[in-house]
Structure formats: C-alpha cells, structure tokens
S.K.: 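Below is the structure I would like to discuss, written out as structure tokens.
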Amino acid sequence: MMNNIRIQIGLALAAIVLLIGSMSVFTVDQRQYVLVLQLGEVKRVIKTPGLHFKVPMIQNVVPFDNRILTIDSQEPELFITSEKQNVQVDSFVKWRITDPSLYYVSVNGEEGRARIRLTQTINDGLRAEFGRRTVHDVVSGARDTIMEDMRGKANLDAQKIGVEVIDVRLKRVELPTNVTESVYDRMRAERLQVANQRRASGAAEAERIRAEANRDAQRIRGDGDARAAAIYAQAYGQNPGFYAFYRSLEAYRGSFANKQDLLVIEPNSDFFRYMKNAK
C-alpha cells in the first residue's frame, strides 16, 4: 500500500516538474521579435531565433513580426494643390518594427494602432506637400521628391513608436476630367512649341549646309572648268592643225545627225574646207 502511494506521489511530482519545465521554455521564430514581460514590465527583448527560457507563471512572452509590413490605402485620399485643385492620391507605405520595447510601450504592441498612427502621419505630410505644389508637379514633375521627403518626415515620427518607415510610394494621382484636359493641353502646347523651335533650328541648319555645299560645288566646278580649259589649250598648242580637223569632224557629226535637218551654207564656205580637199 505504501509503495503504491509513493509511486503515485513520484508520478505527480514528475508531472509537475514536466509542466513547470514546459512553461519555462519557448521558441522564437526567425520572423519574430519576442518581449519577455514580468507583471506587464518589459524584462528582455529577444531577437535571436531558437530555444529560450523564462520564469513560469511570473513571466510571459509577446511576439511581434519583424518582417517588412505594408499599409495599402483602400480608397484614394483627396488633397488640394497650391492652385486649389482637387487631386485623388492612392499610396502605400512599407514599414517594420525596429524597437519592440518602445513599440509595446507606445501602441501597446497593437499593429492596428501603429497603422492608424502611420496613416495619419503620411496623410498629414502629403496634404502639406500637395498644398505647396502645382498640379503639374504632383502629376509628373516632383513625384519622386514628394515621396522621398515624405519618407524622411514620416520616419522621424515613426521612430517615436519604435517603427521605421522604409518607403512611401504614390501609386496613382488622378485629376478631375476638366483639370486633366487642361494639364494635357498645356503639356501638349509646350511640346509643340519645343518641336517648332527644333524644326526652325533644323531648317536653318539645313539652309546653312546647302549654302556651304553649293559654294563648295561652284568652287570645285570652277576648278574643273579651269583645268579642262588648260588641258584643251595645252592640247591645241601641241598640234593646232589636228585640233582644228578634230573640231570640224565633231561639227560634221553634230550637223548631219538628223537627216531631216536643213543647212543653208554657201558652197565655198569654210565649213566644207576639209571636204573640198578630200581625195
């Protein structure tokens, strides 16, 4: 009887030891931070994945996601530019927890509260940025600058709750139809003005090139004519009789090329001098 009681007590003690041991051990996933709390006070911040220990029944653990999170607006927000024009902006934010202890103290570790805080910060910043810029700036001209400025300003506020803002992006900026047409008309007019200026510059350059080409052609043609005249003169000087005979044959060929041509020439004309003496 005593042996059975001892066995039961031993089993009970073993079960208690196992229960306490299981309550003392916890694992940290590589995608998590873990806070060890004791009566609501932060005792440790664990960022290393693996097996860890805590005091059972006195301490408890709270996990937080250490990955990059996204706040993607469900509906576009309405902002007003410096020209008092309405624009609808669709944006998203990339953020992550960097200080779990401060995050827990600031927003009680609730992701929903952190999202609301970041969304308000981003919207207030965008409203200020859009309020001092024109429609053209927010549509195309200064979007990169706006996003970079917003990331820096939002990150300063986010650090107060243990969060880092990694990126702020404007996915889409939509304008009312009349404003869109006005902006596109102005952009089209600007592009047309640039195109006309370039066409005028091209036409002036083409005229200059043609003038230079004509000048060079006239010079080359003049040089060629002068050289041809010099060659003719040299050839004529070497044998004037043969040169006169050759020119006469060329004249005969040109004159008698068409059988229907009519020539009115005196029989004793000098034109037939080589025909008269032919034997």
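The shown structure was predicted, so the numbers you read here are calculated from the model rather than taken from an experiment. In this chain, numbering begins with 1 at the start of the sequence shown.
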S.K.: For R198, look at atom CZ and say whether over 12 heavy atoms of other residues, nucleotides or ligands are found less than 6.0 Å away.
M.R.: no
S.K.: Decide side chain to side chain contact (heavy atoms under 4.5 Å, CB included) for N108 and R113; before the verdict, give the C-alpha distance in whole Å, the side-chain angles of both, and the deciding distance to 0.1 Å.
M.R.: CA-CA 8 Å; N108 200 28; R113 293 178 61 181; 3.6 Å; yes
S.K.: Determine, for R151 against E148, whether the closest basic-nitrogen to carboxylate-oxygen distance falls under 4.0 angstrom.
M.R.: yes
S.K.: Is there a side chain to side chain contact (heavy atoms under 4.5 Å, CB included) between N86 and F79 once you walk through the steps?
M.R.: CA-CA 6 Å; N86 294 328; F79 300 110; over 6 Å; no
S.K.: Please check if the number of heavy atoms outside I80 that lie under 6.0 Å from its CD1 is greater than 12.
M.R.: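 No, not enclosed.
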S.K.: Search all heavy atoms of L35 against all heavy atoms of S101 and return the closest pair with its distance.
M.R.: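 Closest approach of L35 to S101, heavy atoms only: CD2-N, 4.0 Å.
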S.K.: Determine whether L126 and S91 make a side-chain contact, defined as any pair of heavy atoms from C-beta on separated by less than 4.5 Å.
M.R.: yes
S.K.: Are K94 and L69 close enough, and set up right, to give a side chain to side chain contact (heavy atoms under 4.5 Å, CB included), and what steps lead you there?
M.R.: CA-CA 6 Å; K94 295 289 185 180; L69 306 175; over 6 Å; no
S.K.: Determine, stepwise, if the pair L37 / V61 fulfils side chain to side chain contact (heavy atoms under 4.5 Å, CB included).
M.R.: CA-CA 6 Å; L37 305 179; V61 296; over 6 Å; no
S.K.: Just wondering, are more than 12 heavy atoms of other shown residues or ligands nearer than 6.0 Å to CZ in R31?
M.R.: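 Not buried by this count: 12 neighbours or fewer within 6.0 Å.
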S.K.: Please report the interatomic distance CZ(R132) to CZ(R127), rounded to the nearest 0.5 Å.
M.R.: 15.0 Å
S.K.: Give every residue pair that meets the ring pair (Phe, Tyr, Trp, His ring centres under 6.0 Å) criterion with at least one member in residues 92-112, sequence neighbours excluded.
M.R.: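 For residues 92-112, and leaving out neighbouring residues, the ring pair (Phe, Tyr, Trp, His ring centres under 6.0 Å) pairs sorted by first residue read F64-Y103.
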S.K.: Mind checking whether V87 and T81 have side chains closer than 4.5 Å, heavy atoms only?
M.R.: yes
S.K.: Is it the case that more than 12 heavy atoms not belonging to E212 sit under 6.0 Å from its CD atom?
M.R.: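 Enclosed: over 12 neighbouring heavy atoms sit under 6.0 Å from CD of E212.
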S.K.: Please name the pair of heavy atoms, one in M150 and one in G125, separated by the smallest distance, quoted to 0.1 Å.
M.R.: SD-C, 3.2 Å
S.K.: Looking at CG of L192 and CZ of R188, how far apart are the two atoms once the value is rounded to the nearest 0.5 Å?
M.R.: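 Atom-to-atom, L192:CG and R188:CZ are 9.5 Å apart.
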S.K.: Would you tabulate the side-chain donor-acceptor contacts of residues 153-170 under 3.5 Å, counting partners in other chains and residues two or more places apart, or write 'none'?
M.R.:
unit_1 : atom_1 : unit_2 : atom_2 : d
K153   : NZ     : E129   : OE2    : 2.8
N155   : OD1    : V165   : N      : 2.9
D157   : OD1    : R117   : NH2    : 3.4
D157   : OD2    : R117   : NE     : 3.2
D157   : OD2    : T121   : OG1    : 2.9
E164   : OE1    : R96    : NE     : 3.2
E164   : OE1    : R96    : NH2    : 3.4
D167   : OD1    : R169   : NE     : 3.3
D167   : OD2    : R169   : NE     : 2.9

S.K.: Kindly work out whether a path of hydrophobic side-chain contacts (I/L/V/M/F/W/Y, heavy atoms less than 4.5 Å apart) joins I97 to V42.
M.R.: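 Yes.
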S.K.: Considering all heavy atoms of both residues, which atom of K47 and which atom of P100 are nearest to each other, and what is their separation?
M.R.: CE-CD, 4.0 Å
S.K.: Counting only N and O atoms by type, is there a donor-acceptor contact under 3.5 Å from the side chain of D72 to the main-chain atoms of V93?
M.R.: no
S.K.: Is the shortest distance from a Lys or Arg side-chain nitrogen in R133 or D149 to a carboxylate oxygen in the other one below 4.0 Å?
M.R.: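 Here R133 pairs with D149 in a salt bridge, since their nearest N and O are under 4.0 Å apart.
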S.K.: Compare all side-chain heavy atoms of Q32 with those of P63 and state whether any distance is below 4.5 angstrom.
M.R.: yes
S.K.: Can you tell if the side chain of R172 reaches within under 4.5 Å of the side chain of V89, non-hydrogen atoms only?
M.R.: no
S.K.: Could you go step by step and tell me if R210 and E207 meet the salt bridge (Lys or Arg N to Asp or Glu O under 4.0 Å) rule?
M.R.: CA-CA 5 Å; R210 278 195 290 267; E207 288 296 329; 2.6 Å; yes
S.K.: Rounded to the nearest 0.5 Å, how far does CD of E77 lie from CD1 of I122?
M.R.: 11.5 Å
S.K.: Do R221 and D225 have side chains that get closer than 4.5 Å, going by heavy atoms?
M.R.: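 Side-chain contact under 4.5 Å: yes.
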